[in-house]
There are 2 protein chains.
Amino acid sequence: MEESRCENCIVRQFNALRAMTKEELKAVSDSKETRTIRKGESLFEEGDKLGGVMCVRNGVSKLSKLSANGKDQIVKLATKGQVMGQRSVVAEEATNLSAVAVSDMEVCFIPKDSINSALHKNPDFTLEVLRHMAHDLREADDVIVNMSQKTVKQRMAEAFLYLQRFGVDEDGYFNLRLSREDISNVVGTATESAIRIISEFKKKGLIIASGKRLGVKDEKKLRDLAEGF
Amino acid sequence: MEESRCENCIVRQFNALRAMTKEELKAVSDSKETRTIRKGESLFEEGDKLGGVMCVRNGVSKLSKLSANGKDQIVKLATKGQVMGQRSVVAEEATNLSAVAVSDMEVCFIPKDSINSALHKNPDFTLEVLRHMAHDLREADDVIVNMSQKTVKQRMAEAFLYLQRFGVDEDGYFNLRLSREDISNVVGTATESAIRIISEFKKKGLIIASGKRLGVKDEKKLRDLAEGF
DNA sequence: GCTAAAACATGATAAAAATCAGCTGTAGTA
DNA sequence: TACTACAGCTGATTTTTATCATGTTTTAGC
């Protein structure tokens with residue numbers, strides 16, 4: 001059907017595909033493959049050689065890395081329009097991250113050949129990919145500073161503000177429902193610590209929480225807390 | 001003189017400039033400017049709009065970011081052949097990092113115009129820059145995991161192994177002499193904690209230390225410690 | 001060489017966070 | 001329905017790390 005053609009894909013406006021020529025897009029469109037992934041299923045594992053990139057059409061995936069002590073660190077969450085695996089494809093290396101769906105997902109798998117030929121021939125596209133990666137790198141630098149200079153409580157406040165960006169329902173609860181363990185893996189702390197801080201934030205009126213449903217209540221105070229005031 | 005021409009620059013083999021055409025290199029060579037920076041002097045500040053990139057010919061610079069609590073976090077050290085500021089130039093944003101020389105330095109300043117025109121015209125060059133950035137991004141991901149999952153002691157061990165990569169003298173001491181405060185800013189800890197751990201490592205025979213001169217003594221044990229054994 | 005400032009060092013204490021243990025609720029399933 | 005497994009929760013305790021205080025050593029400038 002028509003909407004499955006990349007040329008019309010609504011998601012394209014968020015990523016580097018928009019810099020492709022008609023011919024390149026056609027090649028991508030002809031070689032791509034749409035996949036449905038259930039919550040909890042894995043898209044790829046750390047160390048895999050990826051045959052292509054994945055473009056998220058719907059749902060959210062966690063990108064994480066296993067640490068020596070056996071805990072997963074969630075490096076980022078990828079949502080609609082974001083492309084996963086491009087670092088690996090571009091650098092022609094095995095991927096350094098694992099991807100697991102945290103909600104049901106629909107993704108397009110684009111074989112690396114069509115990406116690579118565009119990378120070699122179309123500077124606009126390459127530059128667009130480069131800009132996206134420059135952006136990712138900046139965000140990674142920010143995360144490094146947060147992780148090393150902020151307390152667990154501050155990082156938890158940041159995490160709530162981050163989760164809010166994935167949308168909220170009419171009651172203000174996050175669309176994205178992460179387990180306490182996943183949240184602790186975003187923040188880089190023990191699960192018990194995450195749970196305790198969630199209780200505390202709730203008691204103080206910074207957030208709303210009922211079971212797995214979580215949300216921001218007082219954004220300003222959360223932001224102040226995250227900034228260290 | 002001949003060696004100041006980019007075409008012959010020995011440093012070129014380490015960075016993306018090698019993917020430039022003869023004409024592009026000539027343009028870079030004609031517009032570039034060599035600068036000498038003394039230890040402690042600043043190359044650029046967080047928030048600056050950079051007019052170009054800097055290529056390190058000699059010496060080492062720390063790239064850091066000020067955190068909300070007033071401490072600097074050193075994100076990486078840039079040495080011979082590495083290019084600073086490309087993220088900012090590529091993304092056309094103000095830089096997110098400050099650069100300060102930690103030893104006397106010689107750098108080439110390359111105005112962004114000659115970089116940008118090559119980025120738009122030469123896909124090989126753009127792709128090479130992209131690959132370098134992909135590499136940086138991978139390293140940043142690793143740092144995130146280390147920062148959030150490892151103890152201060154493990155991170156200190158990592159820091160010693162990292163500093164070793166900048167070369168050692170005949171006695172095994174690092175070429176690069178960082179203050180205890182700089183080391184604490186690499187590791188993301190209090191200066192006193194860094195000092196204490198250095199004393200401890202020395203006592204245990206993991207490292208050698210006399211004043212500012214530091215070095216690795218037992219690489220294997222340091223590595224085991226960093227990995228959590 | 002003298003002096004002031006900065007860097008280094010160490011002890012004592014406080015705060016932050018992890019770990020351990022056990023208990024409750026809840027979702028899936030036989 | 002009842003059982004099981006797992007997520008969530010909380011208290012007690014220990015470990016880790018930061019902070020504060022203070023003394024010593026080094027370094028840079030005169």
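Throughout, a chain's letter reflects where its sequence line sits, starting with A, and its residues are numbered from 1.
The salt bridge (charged side-chain N to carboxylate O under 4.0 Å, His left out) test applied to A:K150 returns A:E158, not counting sequence neighbours. Partners of B:E33 according to the salt bridge (charged side-chain N to carboxylate O under 4.0 Å, His left out) rule, which considers only residues two or more places apart in sequence or in another chain, are B:R35. Among residues two or more places apart in sequence or in another chain, the side chain to side chain donor-acceptor pair (under 3.5 Å) test is passed with B:S67 by B:N69. By the salt bridge (charged side-chain N to carboxylate O under 4.0 Å, His left out) test, B:R165 is found to be paired with no residue, residues two or more places apart in sequence or in another chain being considered. Under the ring-ring contact (aromatic ring centres under 6.0 Å, His included) criterion, A:F160 pairs with A:F174, not counting sequence neighbours. Looking at residues two or more places apart in sequence or on another chain, you find a side chain to side chain contact (heavy atoms under 4.5 Å, CB included) between A:R223 and A:L161, A:E219. Under the rule for a side chain to side chain contact (heavy atoms under 4.5 Å, CB included), the partners of B:A68 that lie at least two apart in sequence or sit in another chain are A:E227. With sequence neighbours left out, A:K221 forms a salt bridge (charged side-chain N to carboxylate O under 4.0 Å, His left out) with A:D218.
The stretch residues 60-77 of chain B does not touch DNA chain D, since none of its heavy atoms comes less than 4.0 Å from the strand.
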Please tabulate the protein-to-nucleotide N/O contacts below 3.5 Å involving nucleotides 5-8 of chain C, giving atom names and distances.
| unit_1 | atom_1 | unit_2 | atom_2 | d |
| --- | --- | --- | --- | --- |
| C:dC8 | OP1 | B:K212 | NZ | 3.2 |
| C:dC8 | OP2 | B:R180 | N | 3.0 |

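The shortest side-chain heavy-atom distance between A:I115 and A:I110 falls under the 4.5 Å cut-off. Within the 4.5 Å cutoff, the side chain of A:I37 has no heavy atoms near those of the A:D104 side chain.
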Each nucleotide in nucleotides 17-30 of chain C should get exactly one letter: B, S or -. Can you fill that in based on protein heavy atoms under 4.0 Å? SSBB----------
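Defined by atom type and a distance below 3.5 Å, a donor-acceptor pair is missing between the side-chain atoms of A:D72 and A:N185. Side-chain polar atoms of B:S148 and A:Q73 form a donor-acceptor pair below 3.5 angstrom.
On the nucleic acid side, DNA chain D contacts chain B at distances under 4.0 Å to non-hydrogen atoms, with the end points of that region at D:dT17 to D:dC20.
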